[in-house]
Amino acid sequence: MKMAAPTASKAASLGCNNKPTFPELDFRSGARVEELNKLIQEFTKHDQREYDDQRALEIHTAKDFIFSMLGMVQKLDQKLPVANEYLLLSGGVREGVVDLDLDELNVYARGTDYDMDFTLLVPALKLHDRNQPVTLDMRHSALCHSWLSLRLFDEGTISKWKDCCTIVDHINGATNYFFSPTKVADWFYDSISIVLSEIQKKPQRGMPKVEKVEKNGTIISIILGVGSSRMLYDIVPVVSFKGWPAVAQSWLMENHFWDGKITEEEVISGFYLVPACSFKGKKDNEWRLSFARSEVQLKKCISSSLMQAYQACKAIIIKLLSRPKAISPYHLRSMMLWACDRLPANYLAQEDYAAHFLLGLIDDLQHCLVNKMCPNYFIPQCNMLEHLSEETVMLHARKLSSVRSDPAEHLRTAIEHVKAANRLTLELQRRGSTTSIPSPQSDGGDPSQPDDRLAKKTAAACD
């Protein structure tokens, strides 16, 4: 007598379910999620170099040199505030640490031109005595941009900065001075050049070698040779405000991923105007709002796996979308912040989800391009892609489509690039090509003078 075959449910209960288990795959590309996670980990390992004591000393020496140089710039004509507060960010402007336009910047490559890069925001003016929301003059500007009238400042400040302003005469005979980002950048570059020239007349043993000083649009880029390292400093003249801009007040009313993790006071402690204008704005007058100080705080609330995916994605798009310059790494950073608001915190905290996050960031970026819409995180009514042509956004969207079809191959390429940069750095270190040459003492003068000590009060943060 034949036995009846067990039903599927009985077979399963008896342990007879022989259905094969498949590895987790990405539906679009067919890539194995486990492999993508391993590639992201490998990229992170090579991209985040460990610093020994010697490298840490070189970083500190370069920072002291730059701060000392700025103290000497302040003494030239007393324009810069005596007690200044700089914001030091890990990563150059080209890495998207600040919302600046990249099309005016010369191309520098890690390994070839430098080993480590930093961005330093240097306040030319400070408005730190107001607690109420700061109202800016946006009548002449696109969203996220503003002109800055020196009427907000005292007569002494107006007198010092008059030559870095554009002048508008009113019918009633009054004169209004508008702080000009281009004129400030020109003055800043000239002043830094004078100071560096003076420095080289009085050599001091064992201090950094100035290998390059260039003005890139409104940014001054300095490459220093310190011991066996080359450090790129992108120095940005800014206007610093305490408090929060009125145009971004509504953002504070919404729920955000950082709620309960850091205080609102930490997030809204201040903002900047950086020297960049909108697509149709007047370059000589228009500044861009920057929330770099807030972004440093928000980064503390982002999971390590999402940050790893972001860094890997950034490495891919910097190479792929470099021409024409329409997409900045800052756009990707904004999308990551929006994703943090949109998705549950426990999902984003998954340590083995970096591959999912990478694919999601690529999808988000492609969606933004196709729809020509990327809202500023802090001022959502400002669309950062509004000025792009249909042709440009579709060109970049098609390029991203190729990444999405084979993310593993593009990750391998990014890994090879970062390994090649590291090999170049090691080779130069072995040759000892960046030998120290004379430069100034750390303070450029008597270390007991209070001016320099006050000028060194810095809000330093690794981005």
Side-chain angles (χ1 to χ4, degrees), residues 22-44 47 94-96 99 101-103 107 109 279 305-343 347-348 350 352-377 383-420:
F22 289 102
E24 189 180 2
L25 301 178
D26 168 39
F27 185 90
R28 173 70 188 88
S29 65
R32 294 178 57 165
V33 169
E34 183 183 7
E35 182 191 9
L36 294 178
N37 275 326
K38 286 179 179 175
L39 289 170
I40 292 169
Q41 286 171 9
E42 186 179 355
F43 173 83
T44 302
D47 188 51
R94 293 158 191 80
E95 294 289 318
D99 183 15
D101 301 320
L102 306 185
D103 50 358
V107 176
F279 182 63
S305 50
L306 179 55
M307 281 306 302
Q308 288 172 13
Y310 163 73
Q311 296 291 351
C313 190
K314 183 173 71 170
I316 291 170
I317 69 161
I318 281 178
K319 301 286 184 193
L320 190 74
L321 308 183
S322 59
R323 291 287 183 273
K325 277 220 168 41
I327 296 297
S328 155
Y330 187 81
H331 295 123
L332 185 67
R333 171 189 287 239
S334 301
M335 291 169 208
M336 176 177 65
L337 293 173
W338 281 118
C340 289
D341 273 357
R342 184 176 72 241
L343 296 163
Y347 169 75
L348 292 173
Q350 298 293 314
D352 56 349
Y353 271 38
H356 295 289
F357 302 153
L358 171 70
L359 298 172
L361 287 170
I362 296 169
D363 288 340
D364 266 5
L365 186 52
Q366 196 167 14
H367 175 83
C368 288
L369 283 166
V370 169
N371 292 280
K372 211 168 81 168
M373 173 62 73
C374 180
N376 181 287
Y377 181 66
N383 175 14
M384 297 189 289
L385 301 185
E386 187 176 25
H387 64 283
L388 298 182
S389 69
E390 297 294 333
E391 183 183 9
T392 298
V393 293
M394 290 313 296
L395 170 66
H396 284 319
R398 282 194 292 271
K399 287 181 178 179
L400 272 178
S401 180
S402 72
V403 177
R404 194 60 185 82
S405 299
D406 194 355
E409 184 56 33
H410 283 84
L411 277 170
R412 290 188 196 100
T413 301
I415 290 166
E416 286 309 310
H417 280 146
V418 74
K419 285 167 73 174

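These numbers come from a predicted model, not from an experiment.
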**OP:** Drop me the distance from N376's CG to W338's CH2, to the nearest 0.5 angstrom.
**Re:** 8.0 Å
Original post:
Heavy-atom count around E386 CD within 6.0 Å, excluding the residue itself: above 12?
Top reply: no
**OP:** Report the distance from atom CD1 of I40 to atom CD of E35, rounding to the nearest 0.5 Å.
**Re:** 11.0 Å
Subject >> Non-hydrogen side-chain atoms of Q311 and T44 separated by less than 4.5 Å >> reply: no
Original post:
How far does CD of E34 sit from CG of L25, to the nearest 0.5 angstrom?
Top reply: 11.0 Å
Original post:
Is a donor on one side and an acceptor on the other found under 3.5 Å between the side chain of N383 and the backbone of C374?
Top reply: yes
Original post:
For E95 and Y310, which heavy atoms make the closest approach, and how far apart are they?
Top reply: O-OH, 4.4 Å
Subject >> Other residues, nucleotides, ligands: >12 heavy atoms within 6.0 Å of H387 NE2 >> reply: yes
Original post:
Would you say N371's side chain and H367's backbone share a donor-acceptor pair under 3.5 angstrom?
Top reply: yes
Original post:
Going through the checks in order, is the salt bridge (charged side-chain N to carboxylate O under 4.0 Å, His left out) test met by E42 and K38?
Top reply: CA-CA 6 Å; E42 186 179 355; K38 286 179 179 175; over 6 Å; no
Original post:
Would you say the side chain of D26 lies within less than 4.5 Å of the side chain of L359, judging by non-hydrogen atoms?
Top reply: yes
Subject >> Pairwise side-chain contact, K314 with M336, heavy-atom cut-off 4.5 Å (strictly under) >> reply: no
**OP:** Quick one: list whatever passes side chain to side chain donor-acceptor pair (under 3.5 Å) with D341, sequence neighbours left out.
**Re:** H256, Y377
**OP:** Kindly indicate whether the side chain of H396, heavy atoms from C-beta on, has any atom under 4.5 Å from the side chain of L388.
**Re:** no
**OP:** For the pair L365 and I327, evaluate side-chain contact (heavy atoms from CB on, under 4.5 Å) and give the outcome as yes or no after the intermediate values.
**Re:** CA-CA 9 Å; L365 186 52; I327 296 297; 4.3 Å; yes
Original post:
For the residue pair I362 and C313, what are the closest heavy atoms and their distance?
Top reply: CG1-SG, 4.0 Å
Subject >> Note, M335 side chain near C368 side chain (heavy atom, < 4.5 Å) >> reply: yes
**OP:** Please say whether more than 12 non-hydrogen atoms of neighbouring residues, nucleotides or ligands are located less than 6.0 Å from CZ in R404.
**Re:** yes
Original post:
Do the side chain of S401 and the main chain of A397 share a donor and acceptor less than 3.5 angstrom apart?
Top reply: no
Subject >> Shortest non-hydrogen contact between I316 and H410, atoms and distance >> reply: CG1-O, 4.0 Å
Original post:
Is the shortest side-chain N to carboxylate O distance from R342 to D364 below 4.0 Å?
Top reply: yes
**OP:** Supply the atom-to-atom distance L320 CG to L400 CG, rounded to the nearest 0.5 angstrom.
**Re:** 6.5 Å
**OP:** Enter the distance from S328:OG to D101:CG here, rounded to the nearest 0.5 Å.
**Re:** 8.5 Å
Original post:
Can you name the closest pair of heavy atoms from F357 and A309 and give their distance?
Top reply: CB-CB, 3.6 Å
**OP:** List the steps and the verdict of side-chain contact (heavy atoms from CB on, under 4.5 Å) for S305 and Q350.
**Re:** CA-CA 7 Å; S305 50; Q350 298 293 314; 5.7 Å; no
Original post:
Considering residues at least two apart in sequence or located in another chain, which fulfil the ring-ring contact (aromatic ring centres under 6.0 Å, His included) criterion with F27?
Top reply: none
**OP:** Kindly compute the distance separating CG (L369) from NZ (K399), expressed to the nearest 0.5 Å.
**Re:** 11.0 Å
Subject >> Taking every non-hydrogen atom, the tightest pair across L39 and I415 >> reply: O-CD1, 3.4 Å
Original post:
Between K372 and E390, is any pair of side-chain heavy atoms under 4.5 Å apart?
Top reply: yes
Subject >> Short N-O contact, R412 and E409, less than 4.0 angstrom >> reply: yes
Original post:
Where is the tightest heavy-atom contact between A354 and N37, given as atom of each residue plus distance?
Top reply: N-OD1, 3.4 Å
